[in-house]
Amino acid sequence: MNKPATTLKIGVLGSGSGSNMGSIVDAIQADRLNVEIRVVLSDVQDAKILERAKQHQIPCQWIDCAPYKTKLDDKAEQDCVQILRQHGVDTVVLAGFMRIVKPGLLQAFPARIINIHPALLPAFPGIHAWKQALDYGAKLAGCTVHFVDQGTDTGPIIIQRPVPILPDDTYESLHARIQVEEHIAYPEALRLLAAGRLRINGRRVEIL
Ligand code: GRF
């Protein structure tokens, strides 16, 4: 039997424009999503995601991650965990967060960190996945929402949405079409999680 629906209390981590966070806000405001965004954190001081959070009166904060570029140092990681806990977060949503999540954060939120990746995993993990797909000559791109584990873009897959690669696609046109699908996929994955309809069974995520 499904677990009863609960209100997810999410913390969003992002480094960029925050359009995925915007899609989650839209779904909440349209009463399509049983989720509260408790706090937004960014490793980029002037990231648009922080601006967007302010526009929606969501608490937000910059996390100083110096000196590393690709991961959180121990202090930044502890700060993140502490702030997320202070805001009563039970689920961490990575939305364009450009740093590797380390064991400290993973252990603080076991099986409760999810990510969106702009490719059909396991193809094209890592950065600029849509560029990788176009350069490779793939015919199909897309996006993947997955649970986060210790690897880079390797955790159990929740939802995928395909996007055909067109002959005249550029990096920009392809990424724009992938983002349209991301903005459907992320709210949908959160809806299933909030409804208690996701069960991790080894590598598989069963949708109940
Ligand atoms: C998205 O394409 C996401 O898949 C990737 O980074 C981008 C973030 O976009 N991980 P936004 O900041 O949500 O607009």
Side-chain angles (χ1 to χ4, degrees), residues 10-29 33 35 37 39-56 58 60-63 65 69-72 80 91-102 105-106 113-136 138 140-149 151-165 169-191 193:
I10 69 171
V12 179
L13 271 60
S15 311
S17 82
S19 69
N20 278 286
M21 186 200 70
S23 74
I24 296 166
V25 170
D26 289 347
I28 293 169
Q29 289 180 344
L33 203 49
V35 166
I37 305 180
V39 66
V40 173
L41 302 178
S42 181
D43 58 320
V44 177
Q45 199 165 12
D46 59 354
K48 203 168 158 213
I49 192 168
L50 293 175
E51 281 304 308
R52 281 187 197 249
K54 284 179 200 150
Q55 281 163 14
H56 292 290
I58 300 168
C60 62
Q61 206 166 317
W62 167 59
I63 302 287
C65 293
K69 291 215 179 333
T70 58
K71 64 178 182 179
L72 294 164
C80 272
T91 303
V92 179
V93 170
L94 307 183
F97 188 60
M98 300 304 286
R99 289 175 191 262
I100 294 161
V101 172
K102 296 195 303 152
L105 191 55
L106 286 169
I113 306 181
I114 62 175
N115 181 45
I116 188 150
H117 182 75
L120 295 176
L121 292 170
F124 310 121
I127 63 164
H128 297 148
W130 65 95
K131 291 185 184 175
Q132 295 183 49
L134 196 61
D135 290 346
Y136 193 86
L140 204 56
C143 64
T144 302
V145 183
H146 63 95
F147 286 102
V148 175
D149 65 8
T152 301
D153 305 319
T154 52
I157 289 170
I158 301 169
I159 282 183
Q160 295 188 295
R161 291 183 68 88
V163 174
I165 296 180
D169 256 332
T170 61
Y171 293 148
E172 291 73 25
S173 66
L174 179 57
H175 189 216
R177 288 207 316 289
I178 291 171
Q179 287 225 284
V180 170
E181 300 305 319
E182 290 184 334
H183 300 161
I184 299 169
Y186 227 166
E188 175 61 7
L190 286 168
R191 191 183 67 75
L193 189 63

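Whatever order the structure lists them in is the order used to number ligands and atoms, beginning at 1.
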- Message: Suppose I only count heavy atoms of H175 and a 4.0 Å limit; which atoms of ligand 1 are within that range?
- Response: 2 (O)
- Message: Under 4.0 Å between a side-chain nitrogen and a carboxylate oxygen: does that hold for R191 and E188?
- Response: yes
- Query: Quick one: does ligand 1 sit under 4.0 Å from the side chain of K48, the backbone, both or neither, non-hydrogen atoms only?
  - Reply: neither
- Query: Within the distance-only criterion (no hydrogens, no angle test), does the side chain of R52 pair as donor or acceptor with the backbone N or O of A47 below 3.5 angstrom?
  - Reply: no
- Just wondering, do Y186 and I114 contact through their side chains at under 4.5 Å, heavy atoms? yes
- Query: So which protein heavy atom does atom 12 (O) of ligand 1 come closest to, and at what separation?
  - Reply: G18 N, 2.8 Å
- Query: Against heavy atoms of S17, which atoms of ligand 1 measure under 4.0 Å?
  - Reply: 11 (P), 12 (O), 14 (O)
- Task: Run down the list N20, L94, V12 and name the one with the heavy atom closest to atom 13 (O) of ligand 1.
- Result: N20
- The one among I116, I24, V145 that brings a heavy atom closest to atom 10 (N) of ligand 1: I116
- Item | Derivation of the side-chain contact (heavy atoms from CB on, under 4.5 Å) call for L193 and I10 | CA-CA 11 Å; L193 189 63; I10 69 171; over 6 Å; no
- Message: Please verify the inter-ring angle class for Y136 with F124; under 30° counts as parallel, over 60° as perpendicular, anything in between as tilted.
- Response: perpendicular
Can you give me every donor-acceptor pair (side chain of residues 153-162, partner residue at least two apart or in another chain, under 3.5 Å) with its distance?
residue: D153; atom: OD1; partner: N115; partner atom: ND2; Å: 3.4
residue: D153; atom: OD2; partner: H117; partner atom: ND1; Å: 3.4
residue: D153; atom: OD2; partner: G126; partner atom: N; Å: 2.8
residue: T154; atom: OG1; partner: D149; partner atom: OD1; Å: 2.5
residue: T154; atom: OG1; partner: D149; partner atom: OD2; Å: 3.3
residue: Q160; atom: NE2; partner: L121; partner atom: O; Å: 3.0
residue: Q160; atom: NE2; partner: T144; partner atom: OG1; Å: 2.9
residue: R161; atom: NE; partner: E181; partner atom: OE1; Å: 2.7
residue: R161; atom: NH2; partner: E181; partner atom: OE1; Å: 3.0

- Is there a nitrogen or oxygen of S19 sitting under 3.5 Å from a nitrogen or oxygen of ligand 1? yes
- So, does Q61 use its side chain to make a donor-acceptor pair with the main chain of L50 at under 3.5 Å? no
- Message: I need the nearest protein heavy-atom contact for atom 9 (O) of ligand 1: residue, atom name and distance, please.
- Response: Q179 NE2, 3.1 Å
- Item | Heavy-atom closest contact (L72 atom, K102 atom, distance) | O-CE, 2.8 Å
- Closest to atom 6 (O) of ligand 1 (judged by heavy-atom distance), picking from G96, A185, S15: G96
- Message: Starting from atom 1 (C) of ligand 1, what is the nearest protein heavy atom, named by residue and atom, and what distance separates them?
- Response: E182 OE1, 3.2 Å
- Message: Suppose we measure from atom 5 (C) of ligand 1 to each protein heavy atom; which comes out shortest, and what is that distance?
- Response: P118 CD, 3.9 Å
